[in-house]
Colleague: 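The structure follows.
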Amino acid sequence: MIETAQAFGVDIGGSGIKGAPVDLEKGDFAEPRLKILTPEVSTPEAVGAIVKQLLDHFEVPADAPVGIAFPAPIKPGKPLDFMANLDQSWIGVDVQKCFSDACGRPVTVVNDADAAGLAEVQYGAAKGQDGLVIATTLGTGIGTALIYNGVLIPNSELGHLELLKGKGDAEKYAAASIREKESLGYKRWAKRLTKYYGLMEHYFNPDLFVVGGGVSRMSEKFLPYIDIKTPIVPAKLRNSAGIVGAAYYASTKK
């Protein structure tokens with residue numbers, strides 16, 4: 001791992017596992033990331049072996065903080081009770097212990113939406129913002145992160161707020177995948193997003209919303225039509241946010 005890197009980040013997804021050394025001064029990769037396809041049977045053993053492979057590939061020093069962004073709520077020392085995007089054999093596993101054992105070293109695990117939100121607060125669209133920031137990722141579902149004065153409030157699941165009475169989770173009505181599935185124009189989709197962000201505005205009174213996910217690249221097509229009082233801005237780090245945020249979070253735990 002080259003000298004400009006102070007930590008190493010891994011982002012685990014249902015289709016790919018990505019890792020890179022991170023320059024914590026710049027909030028960016030110190031070397032180009034490496035992506036390995038997620039195993040078809042994504043058991044703890046199989047995924048743990050790939051994370052170890054990433055660490056070995058970059059020759060990550062034993063004393064470097066290693067952070068892993070993981071697609072589920074994480075409570076260190078407690079077993080996982082829900083898994084959507086990886087093999088169901090993860091249920092009942094202490095995720096942080098699993099990866100530490102697989103890698104032969106201590107690692108820090110954080111929810112993937114929380115990692116992305118932290119990256120935006122430390123280096124991206126919410127840098128310097130006081131008060132409550134709610135970062136969201138609009139994709140297959142809706143991921144959320146709450147950061148108050150730079151401190152993460154972990155494992156929020158605000159994509160599961162009931163948005164329309166009797167019609168289920170907000171993400172079943174307003175996620176980016178729903179826009180595509182129902183062939184919604186961006187303005188029509190923005191009306192749905194107005195209901196979603198308006199509900200969070202009512203409950204939490206945040207100081208800033210940050211909107212991430214792949215669709216944030218086209219933010220000019222829908223953000224101006226979200227009619228709320230709270231400032232709302234597109235994410236800046238995009239695909240690097242999970243790796244950078246995980247690395248940063250691990251560095252705070254050393």
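Everything quoted here is computed from the prediction, not taken from an experiment. Sequential numbering from 1 along the given sequence is applied to the chain's residues.
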Colleague: If you measure from OG1 on T252 to CG on L152, what distance do you get to the nearest 0.5 Å?
Modeller: 9.0 Å
Colleague: Using the rule given for side chain to side chain contact (heavy atoms under 4.5 Å, CB included), can you reason through V110 versus Y248, listing the C-alpha separation, both sets of side-chain angles and the distance that settles it, and then say yes or no?
Modeller: CA-CA 11 Å; V110 61; Y248 168 77; over 6 Å; no
Colleague: Looking at CD of Q53 and CD1 of I36, how far apart are the two atoms once the value is rounded to the nearest 0.5 Å?
Modeller: 3.5 Å
Colleague: Side chains of L132 and N205: closer than 4.5 Å at any heavy-atom pair?
Modeller: no
Colleague: Can you name the nearest heavy-atom pair linking N111 to A72, along with the distance?
Modeller: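 What the structure gives for the nearest pair is ND2-O, 3.1 Å.
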Colleague: Indicate if F99 and F82 have the same hydrophobic cluster label, given that clusters are the connected sets of ILVMFWY residues with side-chain heavy-atom separations under 4.5 angstrom.
Modeller: no
Colleague: Please check: side-chain N/O of Y173 versus main-chain N/O of E162, any donor-acceptor pairing under 3.5 Å?
Modeller: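 No, Y173 side chain to E162 backbone: no donor-acceptor pair under 3.5 Å.
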Colleague: Please say which of I243, V109, I68 ends up in a side-chain contact (heavy atoms from CB on, under 4.5 Å) with V10.
Modeller: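 Going through the options one by one, the only one that passes is I68.
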Colleague: Does N155 use its side chain to pair, donor to acceptor, with the backbone of I74 at less than 3.5 Å?
Modeller: yes
Colleague: Which heavy atom in T38 sits nearest to a heavy atom in G14, and how many Å separate them?
Modeller: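 Distance-wise, the nearest heavy atoms are CB-O, 3.5 Å.
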Colleague: Would you name the heavy atoms of D112 and A69 that are closest together and state the gap between them?
Modeller: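 In terms of heavy atoms, the two residues are closest at CA-CB, 3.9 Å.
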Colleague: I need the single residue from V121, L208, V210, V233 that forms a side-chain contact (heavy atoms from CB on, under 4.5 Å) with Q129. Which is it?
Modeller: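 Option passing the side-chain contact (heavy atoms from CB on, under 4.5 Å) with Q129: L208.
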Colleague: Please answer whether the main-chain N or O of K236 pairs with a side-chain N or O of E120 as donor and acceptor at a distance below 3.5 Å.
Modeller: yes
Colleague: Hey, quick one: are I17 and W90 part of the same hydrophobic cluster, counting side-chain heavy atoms closer than 4.5 Å, chains of contacts allowed?
Modeller: yes
Colleague: State which residues pass side-chain contact (heavy atoms from CB on, under 4.5 Å) with A30; sequence neighbours excluded, sorted by chain then number.
Modeller: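 Scan of A30 (side-chain contact (heavy atoms from CB on, under 4.5 Å), adjacent residues dropped) gives I2, T4, A5, P21, D23.
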Colleague: Answer yes or no: is there a side-chain heavy-atom contact under 4.5 Å between Y249 and D114?
Modeller: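 No. Closest side-chain heavy atoms not under 4.5 Å.
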Colleague: For T43, what residues pass the side-chain contact (heavy atoms from CB on, under 4.5 Å) criterion, not counting sequence neighbours?
Modeller: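 Counting only residues at least two positions away or on another chain, T43 forms a side-chain contact (heavy atoms from CB on, under 4.5 Å) with V41, E45, A46, D87, S89.
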Colleague: Looking only at non-hydrogen atoms, find the nearest pair between V22 and G9 and report the distance.
Modeller: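 Closest approach of V22 to G9, heavy atoms only: CG2-N, 4.3 Å.
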Colleague: Any idea which heavy atoms bring A7 and A247 closest together, and the distance?
Modeller: CB-O, 3.7 Å
Colleague: Test of understanding: clusters of I, L, V, M, F, W, Y form through side-chain heavy atoms closer than 4.5 Å, transitively. Do V151 and V244 belong to the same one?
Modeller: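 Different clusters.
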Colleague: Applying side chain to side chain contact (heavy atoms under 4.5 Å, CB included), run through I142 and L158 and close with a yes or a no.
Modeller: CA-CA 8 Å; I142 297 177; L158 301 180; over 6 Å; no
Colleague: For L184, is there any backbone N or O sitting under 3.5 Å from a side-chain donor or acceptor partner on R179?
Modeller: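 It does hold such a pair.
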Colleague: Going hydrophobic residue to hydrophobic residue with side-chain gaps under 4.5 angstrom, can you get from V93 over to M83?
Modeller: yes
Colleague: From D227 CG over to I232 CD1, what is the distance, rounded to the nearest 0.5 angstrom?
Modeller: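 If I round to the nearest 0.5 Å, the distance is 11.0 Å.
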Colleague: Does atom OH of Y148 have more than 12 heavy-atom neighbours from other groups under 6.0 Å away?
Modeller: no
Colleague: Is there a donor-acceptor pair closer than 3.5 Å between any side-chain N or O of R105 and the backbone N or O of P61?
Modeller: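 Yes; at least one donor-acceptor contact below 3.5 Å.
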Colleague: Sort and list the pairs that fulfil ring-ring contact (aromatic ring centres under 6.0 Å, His included) and have at least one residue in residues 10-66, not counting sequence neighbours.
Modeller: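 ring-ring contact (aromatic ring centres under 6.0 Å, His included) check on residues 10-66 returns F8-F58.
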Colleague: Check this for me: E220, atom CD, are more than 12 non-hydrogen atoms of other residues, nucleotides or ligands nearer than 6.0 Å?
Modeller: yes
Colleague: Can you sort out the partners of N85 under side chain to side chain donor-acceptor pair (under 3.5 Å), two or more places apart, ordered by chain and number?
Modeller: none
Colleague: Tell me, please, which residues at least two apart from P234 pass side-chain contact (heavy atoms from CB on, under 4.5 Å).
Modeller: S219, L223
Colleague: For the pair T137 (side chain) and G143 (backbone), establish whether a donor and an acceptor sit closer than 3.5 Å, ignoring hydrogens and angles.
Modeller: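 Checking the backbone N and O of G143 against the side chain of T137, a donor-acceptor pair under 3.5 Å is found.
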Colleague: Group every Ile, Leu, Val, Met, Phe, Trp and Tyr by side-chain heavy-atom contacts under 4.5 Å, then state whether Y225 and Y196 land in the same group.
Modeller: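 Y225 and Y196: separate clusters.
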Colleague: Whether the side chain of S100 engages the backbone of V107 through a donor-acceptor N/O pair (distance < 3.5 Å, no angle test) should be reported.
Modeller: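 Yes, S100 side chain to V107 backbone: donor-acceptor pair under 3.5 Å.
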Colleague: With the side chain counted from C-beta on, respond yes when P73 and E157 share a heavy-atom pair under 4.5 Å apart, and no when they do not.
Modeller: yes
Colleague: List in chain and number order the residues that pass ring pair (Phe, Tyr, Trp, His ring centres under 6.0 Å) with W189, two or more places apart in sequence or in another chain; answer none if no residue qualifies.
Modeller: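 Partners of W189 by the ring pair (Phe, Tyr, Trp, His ring centres under 6.0 Å) criterion, ordered by chain and then number, come out as F222.
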Colleague: Minimum heavy-atom separation for L161 to M200, with atom names?
Modeller: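 Taking L161 first and M200 second, the nearest heavy atoms are CD1-CG, 3.7 Å.
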Colleague: Quick check for you: to the nearest 0.5 Å, what is the distance between S183 atom OG and R188 atom CZ?
Modeller: 9.5 Å
Colleague: Please check if the side chain of D207 supplies one atom and the backbone of V133 the other of a donor-acceptor pair under 3.5 Å.
Modeller: no
Colleague: Does the side chain of Y197 come under 3.5 Å of the side chain of T136 through a donor N or O and an acceptor N or O?
Modeller: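 Y197 vs T136: donor-acceptor pair found between side chains.
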Colleague: Is there side-chain contact between F70 and L86, with heavy atoms separated by less than 4.5 Å?
Modeller: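 Yes - at least one pair of side-chain heavy atoms lies under 4.5 Å apart.
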Colleague: Between the side chain of D169 and the main-chain N/O of E171, is any donor-acceptor distance below 3.5 Å?
Modeller: no
Colleague: Could you state the interatomic distance from CG (D56) to SG (C103), rounded to the nearest 0.5 Å?
Modeller: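 The CG atom of D56 sits 8.5 Å away from the SG atom of C103.
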Colleague: Mind checking the CD1-CD spacing from I134 to E201? Nearest 0.5 Å is all I need.
Modeller: 9.5 Å
Colleague: Taking Q122 for its side chain and G27 for its backbone only, find out whether a donor-acceptor pair lies under 3.5 Å.
Modeller: no
